[in-house]
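Scroll down for the structure; my scribbles are underneath it.
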Amino acid sequence: MPRGKSSRRSQAAKLRVAGTRVGHQQPGNASFAPAGGTGNRHRVHKWPISSLTGRQHKMVIPAESPDKEFVLLVGASHLRSIVDGIVKMPEGRFSFGAMSTPGACATQLRTEAANAVLPRTPDAVCVMAPSNNLTSSRTITEAGEDFAKLLATACSRWPNVFAMDFPPRLTVDPDYQDMMRQEFRRVAARMGVKYTPLDEYFPFKELDLWSRDGVHLSDSAGMPILVGSIWNATYMQLVPAEPKPSPVVHRRSPPARRVTPRVIVKGEVAKSPQLDPSKWTVFGQGRKRSQHDEPEQSIDALKEAGTVQQEELEESYLPLTPVWFSSAMLVEMDKISPSHLPGPDECTSPVPTLQKKAKLELKQRAPASKKTLAKRQGEAAPMVVEVILRPPTSRGTVAVEQQVCALCVNDVLSE
């Protein structure tokens with residue numbers, strides 16, 4: 001019987017909805033092609049149907065062991081081989097129980113976990129991320145919200161909860177699986193639940209890790225990796241990490257003190273004179289003298305030598321010559337101070353010798369003629385000279401003071 005127009009419209013609407021869901025699952029990777037594994041998986045056994053979710057459901061609780069910690073696994077069909085006892089969990093300090101609901105999404109797992117009846121409180125609960133949300137959820141955000149509710153229910157019932165990543169599938173685009181995995185990880189981190197990834201242990205090139213359907217892991221190659229990862233995550237969750245020993249700081253011993261030999265000089269050591277800013281610096285002729293050149297006690301001697309030099313300059317400023325004085329004056333001077341008395345060179349007492357004597361440059365004149373000399377001697381006026389003799393000083397010199405009339409002196413200087 002041919003179908004009507006309304007039936008064809010209904011089928012077209014169903015195809016459009018299916019295409020929309022596929023678009024959310026595999027966003028834009030046209031090169032991806034589903035594949036199947038080469039591994040073997042046991043033949044599934046029929047389990048009782050749960051009245052809460054309408055799916056097969058089974059839970060196995062091990063016998064209580066006082067020396068082992070009880071760990072409960074909550075997941076979907078990936079735990080079927082563990083519940084049936086085909087794949088054994090590693091033995092050790094942990095005792096594992098499992099609650100499996102094949103084909104269940106996050107919402108259905110949450111319902112089963114909320115109504116589970118346990119004989120004792122588990123030490124830790126491992127929640128497997130629901131891989132069935134890859135096909136049941138319309139968006140990744142919706143899958144993340146359902147997973148958050150599942151973790152919230154588990155944390156409200158049991159004190160110690162951690163999450164495990166879902167095993168990859170060969171039938172779903174890997175990019176879409178990575179986005180779903182990242183969403184689950186963000187949800188767990190936001191709720192403070194530890195999330196252990198698994199994708200790096202299942203490379204897509206090794207097809208023997210999956211069964212022929214490309215969804216479930218093989219019992220021979222894939223499941224041993226999964227149970228080993230669960231055991232390691234449980235150990236990291238229950239066994240506290242040993243504190244790292246603090247690094248030993250080797251303190252270096254202080255270096256041995258070096259002994260520097262000292263040279264001890266006995267006797268008086270001449271000390272350099274210290275500068276006194278309150279005293280003047282002495283300058284001599286030809287060079288500059290500072291307080292470092294000579295000790296302080298020689299300054300008086302230098303001043304005394306300077307005084308002697310000044311007196312000598314004053315005495316020898318106007319040399320006495322027979323040309324400038326009249327013969328009558330010389331006769332009167334010879335009477336008062338005879339010329340046969342010993343001079344300065346003949347004295348026995350030493351006379352200090354000056355290093356440098358001032359030189360007076362006198363303007364040389366042309367020798368005067370006889371008429372000029374006679375004229376000058378005739379025109380010279382008589383002078384009154386007062387000569388005072390003093391006893392010889394310690395230097396062996398005779399000081400003579402001459403007082404000459406101002407008029408005579410002016411006449412002599414004018415000539």
>> I'd like to know whether Phe184 forms a side-chain contact (heavy atoms from CB on, under 4.5 Å) with Phe166, so could you lay out the CA-CA distance, the side-chain angles of the two residues, the decisive distance to 0.1 Å, and finally the verdict.
In response: CA-CA 10 Å; Phe184 289 164; Phe166 60 87; 3.9 Å; yes
Give me the atom names and distance for the closest heavy-atom approach of [X] to [Y].
X	Y	value
Ala76	Asn132	CB-ND2, 3.7 Å
Phe204	Pro168	CZ-CB, 3.9 Å
Arg80	Pro102	NH2-CG, 3.0 Å
Gly144	Glu183	CA-CG, 3.8 Å
Met99	Leu72	N-CD1, 4.4 Å
Ser131	His78	OG-NE2, 3.6 Å

>> How about CZ on Arg157, more than 12 heavy atoms from neighbouring residues, nucleotides or ligands closer than 6.0 Å, or not?
In response: yes
Are [X] and [Y] packed together at the side-chain level, in the sense that at least one heavy-atom pair is separated by less than 4.5 angstrom?
X	Y	result
Thr101	Thr111	no
Pro203	Tyr201	no
Thr121	Pro159	yes
Lys88	Ile82	no

Separation of [Y] [atom2] from [X] [atom1] (nearest 0.5 Å):
X	Y	atom1	atom2	result
Thr234	Met89	OG1	CE	6.5 Å
Arg185	Arg181	CZ	CZ	8.0 Å
Trp47	Gln56	CH2	CD	7.5 Å
Phe162	Met236	CZ	CE	11.5 Å
Met164	Leu198	CE	CG	4.0 Å
Ile140	Glu142	CD1	CD	11.5 Å

>> Here's a test for you: under side chain to side chain contact (heavy atoms under 4.5 Å, CB included), which of Leu118, Leu73, Val83 qualifies with Met59?
In response: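 Output: one option passes, namely Leu118.
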>> The criterion is side chain to side chain contact (heavy atoms under 4.5 Å, CB included); which residues satisfy it with Ala188, sequence neighbours excluded?
In response: Leu151, Val193, Tyr195
>> For a side-chain contact (heavy atoms from CB on, under 4.5 Å) check, start with the C-alpha distance between Trp210 and Arg169, then their side-chain angles and the critical distance, and finish with the verdict.
In response: CA-CA 8 Å; Trp210 288 269; Arg169 292 187 178 188; 5.6 Å; no
Got a list of side-chain donor-acceptor pairs under 3.5 Å for residues 216-229, not counting sequence neighbours?
unit_1, atom_1, unit_2, atom_2, d
His216, ND1, Asp213, OD2, 2.8
His216, NE2, Ser77, OG, 2.8
Ser218, OG, Asp208, O, 2.8
Ser218, OG, Leu209, O, 3.3
Ser218, OG, Ala221, N, 3.4
Ser218, OG, Gly222, N, 3.1
Asp219, OD2, His42, N, 2.7
Asp219, OD2, His42, ND1, 3.1
Ser229, OG, Ile225, O, 2.9

> Can you list the steps and then say if Phe94 with Val239 is a side-chain contact (heavy atoms from CB on, under 4.5 Å)?
Replying inline: CA-CA 11 Å; Phe94 307 118; Val239 179; 4.2 Å; yes
> Can you check side-chain contact (heavy atoms from CB on, under 4.5 Å) on His45 and Lys58, steps first, answer last?
Replying inline: CA-CA 11 Å; His45 303 283; Lys58 187 176 181 180; over 6 Å; no
Side chains of residues 103-110: which donor-acceptor pairs under 3.5 Å do they make with residues two or more places apart or in other chains?
unit_1, atom_1, unit_2, atom_2, d
Gln108, OE1, Arg55, NE, 2.8
Gln108, OE1, Cys105, N, 3.4
Arg110, NE, Thr153, OG1, 3.1

